[in-house]
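Here, residue 1 is the first one in the sequence, and each next residue gets the next number. This structure is a prediction, so every number in the text was calculated from the model and none was measured.
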Amino acid sequence: MEKVWIVKLENGASFEVRGAEDLPLKRGGQCVFRRDFYEELGTAGAELSAPSMTSRIEDLPQILRVAGEAELAEADENRRKAKADMAVVREWIGKLALEMNPVNAHYSLDRKLLTVQFCADGRVDFRELVKELSRALNVRIELRQIGVRDETGIYGGIAVCGQVLCCSRFLKEFSSINVKMAKEQDLLLTPGTISGVCGRLKCCLKYEHEGYLELEKGMPRKGEFCETPSGRGRITDRNLLTSKVSVTFENGNVSVFHVSDITVCSPEKHNPVREQEKNGKNNNRQGENKNRKNKPHNGGDHAHGAKK
């Protein structure tokens with residue numbers, strides 16, 4: 001019987017791997033596993049009950065052993081070499097005039113593969129770059145294009161909420177996010193409010209969206225009129241998390257009430273301005289009808305005289 005682990009590399013890439021049940025590996029420990037034609041060193045994360053990427057556990061890379069001092073020392077040397085070789089990568093990108101920004105370089109444990117991650121606005125033809133780098137560094141090269149979200153997840157940081165960035169802490173993949181989600185969560189549609197460190201819409205807008213939709217079901221809308229313990233007013237703001245609303249009264253004062261303390265009513269019934277306008281229209285109509293009744297009808301006489 002084998003266990004399934006999520007193993008993360010230094011460059012942010014993660015894999016599902018399999019290992020023996022009696023393997024002395026704990027979360028946060030480092031292990032050596034074989035993937036394709038090379039050996040890799042990674043940090044063990046969560047333990048899974050079954051693989052999610054494939055239906056067969058036999059298709060996963062296999063953990064060979066728990067990393068010892070020799071493997072850790074070799075990984076440190078690889079890290080220094082990869083950092084130095086980044087200068088060569090940037091040099092050739094400049095020579096070939098490619099519109100791409102290299103993020104990092106990572107050697108496999110046995111140095112059979114050098115993986116270079118880069119960002120670019122569009123698709124980049126890097127076939128010539130791979131040939132030149134393989135010739136210059138004498139190693140097999142793998143170029144991998146990543147997005148700005150992935151880049152931010154690799155570098156990490158602190159979000160405005162005070163927590164470590166979700167993309168570097170627990171998110172494995174990035175879902176589609178749109179401005180409509182921010183609107184439905186009553187957020188100000190300003191870049192500083194809805195954008196993350198990466199400059200894109202915040203990831204939490206997506207995975208918190210369903211919760212906000214559930215909270216919104218029992219909340220009145222902005223602009224609706226309501227009766228409160230302090231009188232009649234209009235809802236100008238609301239907080240979905242606390243179930244409270246801000247009510248503006250006719251005199252301009254603003255008070256905050258829990259949604260259970262207010263009663264929503266129709267705007268026509270409780271808007272004094274509309275009531276006055278409605279009453280004014282009714283009075284005008286009544287006056288017009290009265291004038292019509294009192295006005296003499298001479299149209300028939302004129303018509304009769306015209307015939308003469």
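Under the 4.5 Å side-chain criterion, counting only non-hydrogen atoms from C-beta, Ile141 is in contact with Leu114. Inter-residue side-chain proximity for Pro51 and Glu16 is flagged as met; some heavy-atom pair is nearer than 4.5 Å. Side-chain contact between Arg111 and Val139 is absent, with no heavy atoms from C-beta onward closer than 4.5 Å. Side chains of Met219 and Leu240 form a contact here, defined as non-hydrogen atoms less than 4.5 Å apart. Within the 4.5 Å cutoff, the side chain of Glu151 has heavy atoms near those of the Asn101 side chain. Val164 is listed as a side-chain neighbour of Ile158, based on a closest heavy-atom distance under 4.5 Å. No side-chain heavy atom of Val7 sits under 4.5 Å from any side-chain heavy atom of Arg35. The closest side-chain heavy-atom distance from Ile235 to Ile262 is below 4.5 Å.
Applying the 6.0 Å contact sphere to NZ of Lys83 captures no more than 12 heavy atoms from other residues, nucleotides or ligands. Within a 6.0 Å radius of CD in Glu210, no more than 12 heavy atoms belonging to other residues, nucleotides or ligands are found. The number of heavy atoms from other shown groups lying within 6.0 Å of CZ (Arg65) is above 12. Counting heavy atoms of neighbouring residues, nucleotides and ligands inside a 6.0 Å radius, atom NZ of Lys3 exceeds 12 of them. The number of heavy-atom neighbours closer than 6.0 Å to CZ of Arg34, taken from other residues, nucleotides and ligands shown, is above 12. Within a 6.0 Å radius of NZ in Lys183, no more than 12 heavy atoms belonging to other residues, nucleotides or ligands are found. Remark: Asn138 CG is loosely packed, at most 12 non-hydrogen atoms of other residues, nucleotides or ligands lying under 6.0 Å away. Remark: Asn251 CG is packed, more than 12 non-hydrogen atoms of other residues, nucleotides or ligands lying under 6.0 Å away.
Note on residues 46-97: no pairs pass ring-ring contact (aromatic ring centres under 6.0 Å, His included), not counting sequence neighbours. Counting only residues at least two apart or on different chains, the ring-ring contact (aromatic ring centres under 6.0 Å, His included) pairs with a member in residues 96-143 are Phe118-Phe126.
Put simply, the side chain of Asp76 never gets that close to the backbone of Arg79: no donor and acceptor are under 3.5 Å apart. A donor-acceptor contact shorter than 3.5 Å is absent between the side chain of Thr193 and the backbone of Leu189.
Criterion: ILVMFWY side-chain heavy atoms under 4.5 Å apart, direct or through other members. Under it, Leu215 and Tyr207 are not part of a common hydrophobic cluster.
In this structure, CG in Leu133 is found 14.5 Å from CZ in Arg140, a value given to the nearest 0.5 Å. Between the CG atom in Asp261 and the OG atom in Ser243 there is a gap of 11.5 Å [rounded to 0.5 Å].
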query = Going through the checks in order, is the side-chain hydrogen bond (donor to acceptor under 3.5 Å, both in side chains) test met by Ser230 and Ser255?
reply = CA-CA 9 Å; Ser230 301; Ser255 298; 5.2 Å; no
request  = Applying salt bridge (Lys or Arg N to Asp or Glu O under 4.0 Å), run through Glu47 and Arg27 and close with a yes or a no.
outcome  = CA-CA 8 Å; Glu47 182 179 345; Arg27 187 169 186 171; over 6 Å; no
request  = Decide salt bridge (Lys or Arg N to Asp or Glu O under 4.0 Å) for Lys95 and Glu128; before the verdict, give the C-alpha distance in whole Å, the side-chain angles of both, and the deciding distance to 0.1 Å.
outcome  = CA-CA 11 Å; Lys95 287 181 179 180; Glu128 188 64 27; over 6 Å; no
